[in-house]
Undergrad: 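Before anything else, here's the structure in question.
Chain letters run A, B, ... following the sequence lines, proteins first and then strands; every chain starts at 1.
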Amino acid sequence: MVQYFQDIYAAVGSALVGMGVTIKHIWKKPVTLQYPDERQVMPPRFRGFVHNDMTKCDSCGICAKLCPVDCIYIETEGKGKDRYMTRYAIDYNKCIWCSMCTENCHTGSITMSHDYDHSVYDRRTLVYEFMDPTQQKIPCHRATREELGWWVEPKAEKKAAPAKPATKPEAKPEAAPEADAKPASPADEPSGDKGEDK
Amino acid sequence: MEQKAIYELLAAKLGEGALAWHEDEVEPWAEIAPAAIADACAFLREDRNTDFNQLMCLSGIDWDGYDEAGKGKSVAILGYDELGKPEVSERIADGDLGVAYHLYSHAQRHKFTLRVRVPRAVAEVPSVAHVWPTAAWHEREAWDLVGIRFTGHPDLRRMLLDEAWEGHPLRKDYMMPAKWAGVPMDGRPYADNPFPTPEPPAGGDQPGATGPAEA
Amino acid sequence: MATGDKNLTGWADQDHVPGIKSELLELNMGPQHPATHGVLRLLLKTDGEIVYQVTPVIGYLHRCAEKIAEGVNYKQWVVYTDRFDYLAPVCCNHAYVTAVEKLLKPEVPERAEHLRIVTAELSRIASHLIALATFGLDMGAWTPLLYCFREREEILNLLERIAGGRMLYNYFVPGGVRYDVPDEQWIKDVLSFITMLETKKIKDYNDLLSYNKIFIERTADVGVIDAETAKAYACTGPVLRGSGVKFDCRRDDPYSVYHKFDFEIPVGMGEMGTVGDCWDRYMVRVREIEQSCRIIRQALDTLPEGPYQAIPLNKMVKVPAGAAYSRTESAKGEIGHYIISDGGQIAFRNKVRSPSFCNLQVVEKVGVGQMVSDLVALVGSLDIVLGEIDR
Amino acid sequence: MEILTAWLQGLPGFGGMSDQGLFITGAALMATLMFTVMALCAIVFTWMERKVAGFIQSRYGPMRTGRWHGWAQAVADMLKILGKEDIIPAEADKGLFVFAPLLVLLGSLLAWAAVPWAPGFSAANLDLGLFYIFAASSMVVMGILMAGWASNNKWALYGAARGAAQMVSYEIPLALATIPVIMHVGSLNTQDIVVAQQGGILNWFVLRDPFLFIAFWMYFIASIAETNRGPFDMPETESELVAGYHTEYTGMRFAFFFLAEYANLFLVSVIAVMVFLGGWWSPIPGLDFAPALTFVIKGVLMVFLNMWVRWTLPRVRVDQLMYLCWKVMIPVTLLCIVGSGVLMITSGALG
């Protein structure tokens with residue numbers, strides 16, 4: 001009998017304590033961010049969409065080799081000094097944002113951007129083509145690159161190399177043509193290069 | 001208790017069943033004859049000195065192609081090409097299958113490792129599910145993924161894969177079916193080069209619902 | 001209350017009324033069910049509210065990660081370990097790199113060990129917060145869920161600042177950690193966060209949920225796992241400790257530099273009912289959060305200067321031939337990695353012993369005779385993660 | 001109703017109407033009004049619930065639809081839910097499946113008739129008003145049982161069985177808790193009950209004597225259980241039974257359940273206001289300038305209390321629910337009746 005009343009007392013008491021906690025929170029400012037209007041500032045190390053600076057890339061292929069999910073596609077043609085890159089694509093369907101491609105890139109061309117907000121309507125538009133071989137093929141061999149002014153000194157340290165201004169304006173990466181086919185999809189280039197034309 | 005001493009106890013109990021003691025490894029282990037493993041485990045569980053009341057882990061292993069020099073993973077499948085298709089060699093996998101038991105005693109605070117090896121053709125190991133109930137699921141998993149049949153197991157069904165799945169994925173010569181239950185199993189449906197290439201892209205190998213991205 | 005006493009051997013299977021066939025009701029709880037924490041399927045046989053048989057069916061999230069491990073190298077596979085227990089990925093990283101280092105034997109710098117422990121404990125707190133939250137949700141309390149997620153968000157922000165990822169960090173590498181502490185402010189923020197957690201938030205959770213009478217009624221004396229069952233089913237982590245067994249890999253099988261730190265191992269004491277009931281398991285987690293805070297504070301206070309990687313990031317890891325089983329204490333229990341190396345860059349075999357896999361198995365035994373609502377409590381208190389069960 | 005017919009009579013064009021015609025017109029108007037109130041309940045209280053839950057949980061709740069704090073969210077939800085595909089499971093008992101939501105809705109709608117909104121203003125001024133309300137609202141349980149059975153879903157069946165047990169049980173303490181008040185008033189007429197509480201907050205039945213105070217809280221707890229809301233949402237228990245009896249319902253039919261839930265919520269709240277909290281009388285005597293508004297505001301406050309409880313407490317188990325009903329609440333309400341009666345006799349109220 002004593003237990004019975006103790007239980008009732010405990011139930012009422014603990015319920016009131018809990019309600020005190022909740023009513024306290026009603027007057028507090030909510031912690032939610034109103035997402036599209038307010039955005040979190042991403043820390044410097046944040047790993048967003050991978051971006052490859054095509055002016056620096058010499059298509060050594062280490063990033064593709066190190067990718068645990070094989071989401072980077074590099075195609076080249078020719079040999080020796082005449083070796084040119086014809087395709088550099090990243091499949092963001094597969095990418096897991098592990099940053100393993102960036103830390104071994106000796107030219108510092110591939111980086112993790114701070115871009116994370118990237119919804120599309122079609123999964124195919126998530127395969128990003130970073131270059132258009134019909135416009136410009138990218139030389140791979142060191143001699144050729146030096147000759148054409150493409151050469152970038154390898155990173156001295158693991159710290160990110162300072163961004164080198166693009167030497168050739170026509171060498172700007174081209175967005176995937178699928179993006180053109182679907183004007184509704186917000187398929188921007190996943191990078192800091194916001195000003196480029198599509 | 002010293003692991004060596006545990007092995008000696010075990011060897012005295014099992015006699016022929018205890019095959020060898022591998023001392024000078026990162027993790028010393030005892031090799032037990034497959035037929036004796038259930039007895040060995042029951043002994044280690046019951047004996048007051050050993051008192052192994054926890055089976056930490058039970059792993060099924062396919063030893064096919066194991067080469068301490070690090071050359072080649074398997075003799076049956078040499079590697080995988082760009083599209084994830086295996087390059088199959090002439091040779092048929094014939095390595096042993098094995099099971100490793102990692103034991104721990106809460107009371108004595110010591111660990112012990114047992115291993116058994118069975119030939120690929122007769123991959124049967126006595127179950128230890130009656131010794132440690134936890135072994136039941138581990139053994140089901142080993143059956144499912146490595147294909148070791150545990151005799152005397154109360155409920156040896158597949159654990160992680162579907163009951164109708166064919167093959168045991170963790171075997172070194174396992175090949176993924178191209179299609180299972182109507183679902184294509186090979187990947188990379190979205191990564192076609194959209195730019196015109198010399199050879200026309202083969203559209204036939206794409207899964208129906210997700211056609212290649214045409215430029 | 002109504003459970004337990006009845007003889008469970010097929011009472012409902014008999015025909016009690018002549019001419020009317022009575023049989024047990026087969027119930028599919030899951031794979032899509034709000035209380036199964038993922039895609040777990042429990043095949044129940046019930047008589048009204050009482051459960052007579054539980055058969056967990058798993059594998060809906062199976063990716064055969066162990067096969068993938070045979071195709072990617074040691075460093076690449078760290079990112080796959082993130083995906084096992086995606087609620088405490090750093091703990092999973094820790095388990096894996098510990099196993100690799102057992103074979104590789106690099107000189108892991110002290111600073112790296114400290115950073116590992118700080119991040120792993122933060123991750124453990126995050127995982128425990130989710131455990132409390134979802135357990136509360138299973139019991140019908142919505143609000144603690146949001147409060148716990150609010151605090152977890154802080155942890156994610158902190159880990160994001162040091163590791164770059166928000167949920168899957170890929171922070172550890174064999175031989176160290178990927179990045180150093182970003183700045184001094186980070187250390188201060190971690191310390192102020194754990195102080196806030198210890199002083200204010202845990203009290204809120206206790207007021208709102210732990211000592212609520214309804215919650216106690218729902219969880220005390222429910223789903224009792226006694227110590228012998230827990231050991232026989234190789235339960236680990238809070239499930240084992242909730243059953244009153246004082247065992248923690250961090251203390252009893254020390255790895256990393258946990259031996260340097262002073263912390264307690266909370267165990268279930270049966271305060272509200274029997275030792276090993278759901279409330280005990282729940283409370284062990286609440287208390288572990290406090291202990292993790294203690295560890296973090298000590299690790300940060302004594303954070304040594306020096307390098308944080310023994311092996312440069314861009315160097316491939318080649319592990320000498322051999323086999324090693326290593327276990328570490330993750331948020332859910334003991335993660336074991338059994339690595340067999342043939343001396344190459346790729347593991348020959350990598351078996352993962354995941355805690356939830358072993359913990360879940362106990363449902364088959366303990367779930368029998370419970371009510372359906374209690375089964376929900378039991379599964380919730382085990383704190384399973386399907387990513388790690390199905391691997 | 002009388003007010004309404006009198007008002008109608010005054011309107012041009014209605015003057016020549018027969019009494020019967022006036023009555024029918026008035027009744028139709030009243031029914032429309034009640035249904036509108038009910039639909040508004042669902043819309044307003046869904047929004048309110050989400051906002052209350054949001055702020056309790058350190059978040060905002062809906063913020064986008066309709067600019068100011070997402071006020072149009074509930075409207076948008078209603079439109080969406082009405083536009084959804086109506087699915088009837090293949091194995092379902094079609095007739096019952098279709099009929100059940102209507103019955104649930106009807107149960108909560110009928111009870112509205114006797115609610116006294118303002119002096120003399122209720123849809124039907126019945127002498128057995130309170131009795132009628134409880135009788136009508138108990139139709140809901142049949143609807144729930146039907147819905148669960150007809151769905152041919154095991155979870156729905158569980159929900160229905162639990163719901164039937166719960167609602168039938170909790171009707172007893174719900175009705176018993178109001179008996180002390182009826183003893184005080186000496187009438188079941190809802191208007192009379194409110195009129196008896198005139199004269200400021202101290203004359204409200206909740207503060208008349210300690211037993212009535214306890215009876216009020218008993219009523220409150222039973223009303224939560226009667227509306228199937230947390231911590232007593234046994235028939236739904238989303239973490240155990242997926243969604244309980246309405247697991248298989250979609251679109252319009254689900255909207256009926258939804259509507260009924262919030263209408264019921266408001267109904268039990270206004271009954272609490274009517275029986276215990278002074279109805280349309282304001283707390284300070286003499287300030288009764290907007291009776292209907294006072295009544296509604298009090299009702300909304302009760303709804304808020306209900307929501308506050310829901311978003312704080314965990315859910316009880318089904319057997320504990322029954323324990324609470326039969327072993328705690330019924331004895332306590334009976335005690336309240338006895339105690340209140342004794343107090344009445346000793347204070348000479350019956351004299």
Undergrad: Measure distances from B:Leu55 to the heavy atoms of chain C and classify the residue's part below 4.5 Å as side chain, backbone, both or neither.
TA: backbone

Undergrad: Quick one: of C:Leu360, C:Leu61, C:Thr229, who has the most non-hydrogen atom pairs under 4.5 Å with chain B?
TA: C:Leu360

Undergrad: In terms of heavy-atom pairs under 4.5 Å, which option from B:Arg45, B:Gln54, B:Arg157 contacts chain C the most?
TA: B:Gln54

Undergrad: Can you tell me if B:Glu23 has over 12 outside heavy atoms packed within less than 6.0 Å of its CD?
TA: yes

Undergrad: For C:Thr55, is it the side chain, the backbone, both, or neither that has a heavy atom closer than 4.5 Å to a heavy atom of chain B?
TA: side chain

Undergrad: Tell me, side chain or backbone of C:Tyr233 under 4.5 Å from chain B's heavy atoms, or both, or neither?
TA: both

Undergrad: Among C:Val245, C:Val362, C:Asp253, C:Val57, who wins on heavy-atom pairs under 4.5 Å with chain B?
TA: C:Asp253

Undergrad: When you measure from the side chain of B:Glu139 to the backbone N and O of B:Val128, does any donor-acceptor pair fall under 3.5 Å?
TA: yes

Undergrad: Within the side chain of C:Thr328, is there an N or O that forms a donor-acceptor pair under 3.5 Å with the backbone of C:His94?
TA: no

Undergrad: Using non-hydrogen atoms only, which part of C:Glu334 is less than 4.5 Å away from chain B: side chain, backbone, both, or neither?
TA: side chain

Undergrad: Using the salt bridge (Lys or Arg N to Asp or Glu O under 4.0 Å) rule, take B:Asp64 and B:Arg171 through it: C-alpha gap first, then chi angles, then the decisive distance, then the call.
TA: CA-CA 8 Å; B:Asp64 180 59; B:Arg171 286 203 178 184; over 6 Å; no

Undergrad: Relative to chain C, which segment of B:Trp63 carries a heavy atom at a distance below 4.5 Å: side chain, backbone, both, or neither?
TA: both

Undergrad: Which residue, B:Tyr7, B:Phe43, B:Trp21, forms the ring-ring contact (aromatic ring centres under 6.0 Å, His included) with B:Phe112?
TA: B:Trp21

Undergrad: Whether the side chain of C:Ser330 engages the backbone of C:Lys332 through a donor-acceptor N/O pair (distance < 3.5 Å, no angle test) should be reported.
TA: yes

Undergrad: Please answer whether the main-chain N or O of C:Tyr325 pairs with a side-chain N or O of C:Lys102 as donor and acceptor at a distance below 3.5 Å.
TA: yes

Undergrad: In terms of heavy-atom pairs under 4.5 Å with chain B, which of C:Glu228, C:Glu364, C:Gln361, C:Lys318 leads?
TA: C:Gln361

Undergrad: Between B:Arg158 and chain C, which part of the residue has a heavy atom less than 4.5 Å away: side chain, backbone, both or neither?
TA: neither

Undergrad: Counting only non-hydrogen atoms closer than 4.5 Å, does C:Ile335 touch chain B with its backbone (N, CA, C, O), its side chain (CB onward), both, or neither?
TA: neither

Undergrad: If the contact rule is any heavy atom under 4.5 Å from chain C, which residues of residues 142-156 of chain B qualify, in numerical order?
TA: B:Leu145, B:Val146

Undergrad: Quick one: does any side-chain atom of B:Thr50 pair with a main-chain N or O of B:Leu44 as donor and acceptor, under 3.5 Å?
TA: yes

Undergrad: Given salt bridge (Lys or Arg N to Asp or Glu O under 4.0 Å), test B:Arg120 with B:Asp62 step by step and report yes or no.
TA: CA-CA 9 Å; B:Arg120 209 176 187 83; B:Asp62 183 0; 2.8 Å; yes

Undergrad: Can we call the ring centroids of B:Tyr104 and B:His102 under 6.0 Å apart?
TA: no

Undergrad: Taking every heavy-atom pair that is under 4.5 Å apart, which of C:Ala232, C:Cys64, C:Ala324 has the most such pairs with chain B?
TA: C:Ala232

Undergrad: With respect to chain B, which residue among C:Ile340, C:Leu103, C:Val319 yields the maximal number of heavy-atom pairs within a distance under 4.5 Å?
TA: C:Ile340

Undergrad: Can you establish whether the number of heavy atoms outside B:Glu166 located under 6.0 Å from its atom CD is more than 12?
TA: no

Undergrad: In sequence, state the C-alpha distance, the side-chain angles, and the governing distance for B:Glu141 and C:Arg353, and then conclude on salt bridge (Lys or Arg N to Asp or Glu O under 4.0 Å).
TA: CA-CA 11 Å; B:Glu141 191 197 319; C:Arg353 177 249 196 248; over 6 Å; no

